[in-house]
Amino acid sequence: MKHWKILSIALFAGSLVACSSTPQESGEEEIKFEQPVMEQETEEAVEEVVEIEEPVAVEEEKEAEPAPAPTKTEDGKLILGEQEWLFFPEFKATVKARVDSGATTSSLSAIEVKQFERDGKKWVKFKPAYAGKVGKEISLPIERFAKVKQSSSEESDKRPVVAIWIQLSELKEKTEFTLVDRSHLDFPVLLGRSFVRDVAIVDVSRKYVQPKITK
């Protein structure tokens with residue numbers, strides 16, 4: 001019995017070996033199972049873009065405007081240029097004046113100057129002449145007489161002096177003028193030291209520093 005069992009096991013093992021080593025019968029194709037190949041996905045074409053940083057806009061600094069030139073001194077005196085506009089309320093006219101601190105008394109262009117007496121006092125009547133115009137006749141008392149000597153002549157001229165209201169910027173003042181025909185000159189009025197003293201200083205490098213008054 002023991003020998004039979006051993007024989008049976010041997011036969012069974014041999015049959016297994018024969019089955020595993022026996023080639024396939026002719027006419028039958030060998031079926032191969034191939035591993036499916038996964039198709040590799042191709043990367044999409046991507047355009048490479050290089051961003052250039054734009055410069056930050058910087059506002060240009062505006063040049064500082066120069067400060068307006070002063071028209072007064074620290075102690076409140078007017079600053080006058082070599083030439084200024086002068087307003088005469090008496091005959092409602094605005095005329096150009098040349099500022100001359102070298103002259104003692106101011107001068108006003110006048111024609112048809114005639115002296116006369118009124119109530120025992122000396123008066124004068126005249127017509128202001130400026131910019132080719134002749135104003136209405138004005139009569140004023142004579143304050144005094146001034147001897148005026150021309151640089152081109154040795155002779156002196158005696159002229160009546162009158163006090164007339166004028167306005168230069170906000171300054172309104174009564175000042176003395178000699179009467180003389182200046183209609184042939186560029187400036188019908190000359191402002192001398194009698195006006196400038198104590199109320200203004202002169203800067204000959206400037207012109208028309210003070211605003212023009214017309215009424």
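The basis for the numbers below is simple: all heavy atoms, side chains too, and nothing from hydrogens, waters or symmetry mates.
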When you look at Ile142 and Val161, which way does the side-chain contact (heavy atoms from CB on, under 4.5 Å) test go after all the steps?
-> CA-CA 6 Å; Ile142 297 175; Val161 178; 5.7 Å; no
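A search for salt bridge (charged side-chain N to carboxylate O under 4.0 Å, His left out) contacts involving Glu137 returns nothing, not counting sequence neighbours. Shown here are the side chain to side chain donor-acceptor pair (under 3.5 Å) partners of Thr104, two or more places apart in sequence or in another chain: Arg193. Every side chain to side chain donor-acceptor pair (under 3.5 Å) that Ser205 has, sequence neighbours left out, goes to Asp203. Residues passing the side-chain contact (heavy atoms from CB on, under 4.5 Å) test with Lys133, sequence neighbours excluded: Tyr130. Under the side chain to side chain donor-acceptor pair (under 3.5 Å) criterion, Asp119 pairs with no residue at all, not counting sequence neighbours. In this view, Thr94 satisfies the side chain to side chain donor-acceptor pair (under 3.5 Å) rule with no residue, not counting sequence neighbours. Applying the side-chain contact (heavy atoms from CB on, under 4.5 Å) test to Pro68 and every residue at least two apart in sequence or in another chain returns nothing.
Nearest heavy-atom pair across Ala110 and Phe126 is CB-CD1, 3.7 Å. Nearest heavy atom pair, residue Ala97 against residue Leu86, reads CB-CB, 4.3 Å. Nearest approach of Ala129 to Ser109, heavy atoms of both residues: O-OG, 2.9 Å. Summarising the geometry of Pro128 relative to Lys136, their closest heavy-atom pair is CD-O, 3.4 Å, with the distance given to 0.1 Å.
For the pair Val95/Phe87, no side-chain contact is recorded, criterion being any heavy-atom separation below 4.5 Å from C-beta on. Side-chain contact between Thr71 and Ile79: absent, with no pair of heavy atoms (C-beta onward) separated by less than 4.5 Å. Residues Phe116 and Lys125 have side chains in contact (heavy-atom distance under 4.5 Å, counting atoms from C-beta outward). Looking only at side-chain heavy atoms (C-beta outward), Leu80 and Phe195 come within less than 4.5 Å of each other. Here the side chains of Val196 and Val202 are in contact, with some heavy-atom distance below 4.5 Å. In this structure, the side chains of Asp100 and Leu191 stay at 4.5 Å or more apart for every pair of heavy atoms.
Annotation: the span from Thr105 atom OG1 to Leu190 atom CG amounts to 10.0 Å, rounded to 0.5 Å. One distance of note links NZ of Lys114 with NZ of Lys127; it measures 8.5 Å at 0.5 Å rounding.
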Please list, one pair per line, the donor and acceptor atoms closer than 3.5 Å that link side chains of residues 166-187 to other protein atoms, with sequence neighbours excluded.
{"from": "Gln167", "atom 1": "NE2", "to": "Ser169", "atom 2": "O", "distance (Å)": "3.1"}
{"from": "Ser169", "atom 1": "OG", "to": "Gln210", "atom 2": "OE1", "distance (Å)": "3.3"}
{"from": "Glu170", "atom 1": "OE2", "to": "Lys72", "atom 2": "NZ", "distance (Å)": "2.5"}
{"from": "Glu176", "atom 1": "OE1", "to": "Arg144", "atom 2": "NE", "distance (Å)": "3.1"}
{"from": "Glu176", "atom 1": "OE1", "to": "Arg144", "atom 2": "NH2", "distance (Å)": "2.9"}
{"from": "Thr178", "atom 1": "OG1", "to": "Ser106", "atom 2": "O", "distance (Å)": "3.4"}
{"from": "Thr178", "atom 1": "OG1", "to": "Ser107", "atom 2": "OG", "distance (Å)": "2.9"}
{"from": "Asp181", "atom 1": "OD1", "to": "Ser183", "atom 2": "N", "distance (Å)": "3.0"}
{"from": "Asp181", "atom 1": "OD1", "to": "Ser183", "atom 2": "OG", "distance (Å)": "2.6"}
{"from": "Arg182", "atom 1": "NE", "to": "Phe187", "atom 2": "O", "distance (Å)": "3.1"}
{"from": "Arg182", "atom 1": "NH2", "to": "Phe187", "atom 2": "O", "distance (Å)": "3.0"}

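For the side-chain hydrogen bond (donor to acceptor under 3.5 Å, both in side chains) condition, the pairs that include at least one residue of residues 73-93, sequence neighbours left out, are Thr73-Asp75, Gln83-Tyr208.
The other residues sharing a hydrophobic cluster with Val134 are Ile111, where clustering joins ILVMFWY side chains under 4.5 Å apart.
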